[in-house]
**Student:** 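Can you read through this structure? Questions will come right after.
For the single chain, residues carry numbers from 1 onward in sequence order.
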Amino acid sequence: MDFAAMQKQYPAQVPTEVHSHQNRWDPYVDNGGTSLAIAGADYVIVASDTRQSNGGYSINSRTEPKAFKLSNNVVLATSGFAADAKRLVEVLEQNALTYFYKHNKQMTAPAMAQMLSNTLYGRRFFPYYVFPILAGVDAQGKGALFAYDPVGNMERVNYQAYGSAAALVQPFLDNVVGFKNQRGADHNRLIERDEAMRFAVDAFTSATERDIYTGDWLDIFVIDKDGVKHEKRELKHD
């Protein structure tokens with residue numbers, strides 16, 4: 001019996017129209033927020049906001065960190081899916097602890113950067129939906145900053161911004177840190193620590209005025225040969 005015959009015989013039970021409905025499950029969520037890092041001659045500054053959103057105007061948390069201290073001289077900043085970021089941090093901490101027990105020393109920043117690349121590449125068929133920035137100090141005492149995509153492609157850079165306000169922050173860093181498109185500028189000059197701190201705070205102050213997914217609190221990490229220092233500043237809450 002075809003649909004027309006069923007509708008004629010059982011008019012109360014058979015709908016007049018057939019609506020197709022497809023259920024879809026997405027394993028990834030972009031939880032918003034922004035992270036940036038700036039490397040200098042003997043330091044790295046990492047800054048991340050603490051607002052976690054769930055699309056639209058829904059805020060899950062105003063105090064959820066996106067930057068994590070992995071060792072005495074390495075910090076990982078993240079953006080993207082918060083659950084994947086937390087799991088990635090757990091994996092890196094476990095591997096770093098195993099390395100410490102095997103070799104009786106902590107991993108250097110470049111070594112941990114390579115481990116992060118390998119970890120991301122190992123999950124390339126179902127990747128962590130995370131855009132990481134790994135920051136530390138190398139064996140020569142220079143600021144070491146590494147930027148990644150979700151499948152492990154790695155590049156050592158002097159500055160980087162990821163997240164929902166990256167389209168606003170990255171051009172600002174290109175200008176004040178990278179001296180892009182400035183005639184006569186020394187494009188290889190590394191800015192001083194005080195300048196980098198001021199630029200990081202200014203970038204987030206501006207971003208919170210234009211991006212609803214960035215705000216509330218700002219975690220700032222300063223990494224140098226003496227270790228990692230952390231401070232928190234208030235951002236816009238609406």
Side-chain angles (χ1 to χ4, degrees), residues 30-53 59 61-80 82 85-86 88-89 109 112-113 116 130-137 142-148 155-178 190-224 226-237:
D30 187 350
N31 292 121
T34 306
S35 296
L36 69 80
I38 302 171
D42 58 355
Y43 72 89
V44 181
I45 287 179
V46 178
S48 296
D49 75 304
T50 62
R51 178 175 295 181
Q52 185 190 110
S53 304
I59 296 177
S61 174
R62 296 183 183 272
T63 58
E64 192 68 27
K66 298 180 182 68
F68 308 90
K69 180 181 175 181
L70 298 181
S71 70
N72 291 338
N73 62 354
V74 176
V75 171
L76 178 71
T78 64
S79 61
K86 288 183 177 181
L88 179 60
V89 169
M112 195 168 290
L116 173 55
V130 178
F131 296 85
I133 305 172
L134 189 136
V137 178
K142 297 179 180 179
L145 184 60
F146 303 88
Y148 302 79
E155 180 181 10
R156 184 164 179 171
V157 295
N158 291 331
Y159 60 92
Q160 184 66 50
Y162 281 141
S164 56
L168 303 172
V169 175
Q170 189 68 36
F172 173 71
L173 297 180
D174 285 339
N175 180 261
V176 299
V177 181
L190 298 176
I191 64 175
E192 298 297 326
R193 186 180 309 196
D194 293 342
E195 290 181 290
M197 178 69 76
R198 185 172 74 253
F199 292 151
V201 174
D202 287 348
F204 275 93
T205 301
S206 178
T208 54
E209 294 289 340
R210 295 166 176 81
D211 178 37
I212 63 172
Y213 303 112
T214 300
D216 297 313
W217 298 94
L218 179 63
D219 284 320
I220 303 176
F221 294 84
V222 181
I223 312 159
D224 56 23
D226 297 323
V228 179
K229 301 180 183 65
H230 173 246
E231 66 176 86
K232 188 180 288 287
R233 300 195 181 193
E234 192 169 6
L235 293 173
K236 191 175 182 181
H237 291 279

**Student:** Output yes when a side-chain donor or acceptor of Ser164 lies under 3.5 Å from a complementary backbone atom of Gly33, and no otherwise.
**Tutor:**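 Yes.
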
**Student:** Taking atom CD of Glu192 as the centre, does the number of heavy atoms from other residues, nucleotides or ligands within less than 6.0 Å exceed 12?
**Tutor:**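 No - once you tally the heavy atoms of other residues, nucleotides and ligands closer than 6.0 Å, there are 12 at most.
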
**Student:** Can you give me the closest heavy-atom contact between Ala200 and Ile45, atom names plus distance?
**Tutor:**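 That closest heavy-atom pairing would be CB-CG2, 4.4 Å.
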
**Student:** Can a donor-acceptor pair be found, under 3.5 Å and without considering hydrogens, that links the side chain of Tyr159 to the backbone of Leu36?
**Tutor:**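 Not a single qualifying donor-acceptor pair exists.
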
**Student:** Which distance, rounded to the nearest 0.5 Å, do you find between the CG of Asp219 and the CD of Glu231?
**Tutor:**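 Asp219 atom CG to Glu231 atom CD measures 10.0 Å (nearest 0.5 Å).
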
**Student:** Looking at NZ of Lys232 and CZ of Phe221, how far apart are the two atoms once the value is rounded to the nearest 0.5 Å?
**Tutor:**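 Answer rounded to 0.5 Å: 8.0 Å.
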
**Student:** Find the distance between CD1 (Ile191) and CG (Asn158) and round it off to the nearest 0.5 Å.
**Tutor:**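 If we round to the nearest 0.5 Å, Ile191:CD1 and Asn158:CG are 9.5 Å apart.
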
**Student:** Can you classify the ring geometry of Trp217 versus His237 as parallel (below 30°), tilted (30 to 60°) or perpendicular (above 60°)?
**Tutor:**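 Trp217 vs His237 ring planes: perpendicular.
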
**Student:** If every non-hydrogen atom of Ala67 is compared with every non-hydrogen atom of Val46, which pair is closest and at what distance?
**Tutor:**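 Answer, listing the atom of Ala67 first, then Val46: CB-CG1, 4.4 Å.
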
**Student:** Quick one: OG1 on Thr205 to CZ on Arg198, what's the gap to the nearest 0.5 Å?
**Tutor:**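 Answer rounded to 0.5 Å: 12.5 Å.
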
**Student:** Taking all non-hydrogen atoms of both residues, which atom of Val169 and which atom of Ala161 are closest, and how far apart?
**Tutor:**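 So the minimum-distance heavy-atom pair works out to CG1-CB, 3.7 Å.
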
**Student:** Where is the tightest heavy-atom contact between Leu145 and Gln160, given as atom of each residue plus distance?
**Tutor:**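 Heavy atoms only, the tightest pair is CD2-N, 4.3 Å.
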
**Student:** Could you tell me whether Lys236 atom NZ has more than 12 heavy atoms of other residues or ligands within 6.0 Å of it?
**Tutor:**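 Yes, NZ of Lys236 has more than 12 neighbouring heavy atoms, counting only those of other groups under 6.0 Å.
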
**Student:** Does some side-chain heavy atom of Leu76 sit less than 4.5 Å from a side-chain heavy atom of Leu116?
**Tutor:**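 Yes; the side chains approach each other to less than 4.5 Å.
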
**Student:** Report yes if the side chains of Met197 and Val222 come closer than 4.5 Å at any heavy-atom pair, otherwise no.
**Tutor:**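 A side-chain contact under 4.5 Å exists here.
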
**Student:** Are any side-chain N or O atoms of Thr208 and backbone N or O atoms of Phe204, one a donor and one an acceptor, separated by less than 3.5 Å?
**Tutor:**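 Yes, Thr208 side chain to Phe204 backbone: donor-acceptor pair under 3.5 Å.
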
**Student:** What pair of heavy atoms forms the shortest contact from Val157 to Ala147, and how long is it?
**Tutor:**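 Heavy atoms only, the tightest pair is CG2-CB, 4.2 Å.
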
**Student:** So, Tyr162 side chain and Tyr148 main chain: donor-acceptor pair closer than 3.5 Å or not?
**Tutor:**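 At least one qualifying donor-acceptor pair exists.
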
**Student:** Given 3.5 Å as the limit, does a donor-acceptor pair link the side chain of Ser35 with the main chain of Thr78, or not?
**Tutor:**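 Indeed, once roles are kept as given, a pair shorter than 3.5 Å links the two residues.
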
**Student:** Just by distance, do the side chain of Lys229 and the backbone of Ile220 share a donor-acceptor pair under 3.5 Å?
**Tutor:**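 Side chain of Lys229 to backbone of Ile220: no pair is present.
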
**Student:** Distance-only, no hydrogens or angles: does the Ser53 side chain make a donor-acceptor pair with backbone N or O of Gly32 under 3.5 Å?
**Tutor:**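 Judged by distance alone, no pair lies under 3.5 Å.
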
**Student:** Could you check whether Lys66 pairs with Asp49 (Lys NZ or Arg NE/NH1/NH2 to Asp/Glu carboxylate O, under 4.0 Å)?
**Tutor:**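 Yes, charged N to carboxylate O under 4.0 Å.
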
**Student:** Side-chain donor-acceptor pair under 3.5 Å between Asn31 and Tyr213, yes or no?
**Tutor:**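 Note: Asn31 and Tyr213 side chains miss the donor-acceptor criterion.
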
**Student:** Looking at Ile212, is its backbone amide N or carbonyl O close enough to the side chain of Arg51 to form a donor-acceptor pair, meaning the two atoms are under 3.5 Å apart?
**Tutor:**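 Yes, because the side chain of Arg51 sits within donor-acceptor range (under 3.5 Å) of the backbone of Ile212.
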
**Student:** State, with a plain yes or no, whether a side-chain heavy atom of Asp216 is found less than 4.5 Å away from one of Thr63.
**Tutor:**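 The answer is no, as the side chains (C-beta and beyond) never meet within the 4.5 Å cut-off.
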
**Student:** May I ask you to check whether over 12 heavy atoms, not counting those of Lys86, lie within 6.0 Å of atom NZ?
**Tutor:**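 Counting neighbours around NZ of Lys86, 12 or fewer heavy atoms of other residues, nucleotides or ligands fall under 6.0 Å, so no.
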
**Student:** Could you grab the distance from atom CG of Leu134 to atom CG of Leu70, nearest 0.5 Å is fine?
**Tutor:**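 So the gap between those two atoms works out to 6.5 Å.
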
**Student:** State the CG-CD1 distance between Asn72 and Ile223, to the nearest 0.5 angstrom.
**Tutor:**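 Between atom CG of Asn72 and atom CD1 of Ile223 there are 11.5 Å.
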
**Student:** Does Asp42 form a side chain to side chain contact (heavy atoms under 4.5 Å, CB included) with Asp224? I'd like the steps, not just the answer.
**Tutor:** CA-CA 6 Å; Asp42 58 355; Asp224 56 23; 5.8 Å; no

**Student:** Which atoms form the tightest heavy-atom contact between Ala144 and Val44, and what is the distance?
**Tutor:**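 Taking Ala144 first and Val44 second, the nearest heavy atoms are N-CG2, 3.6 Å.
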
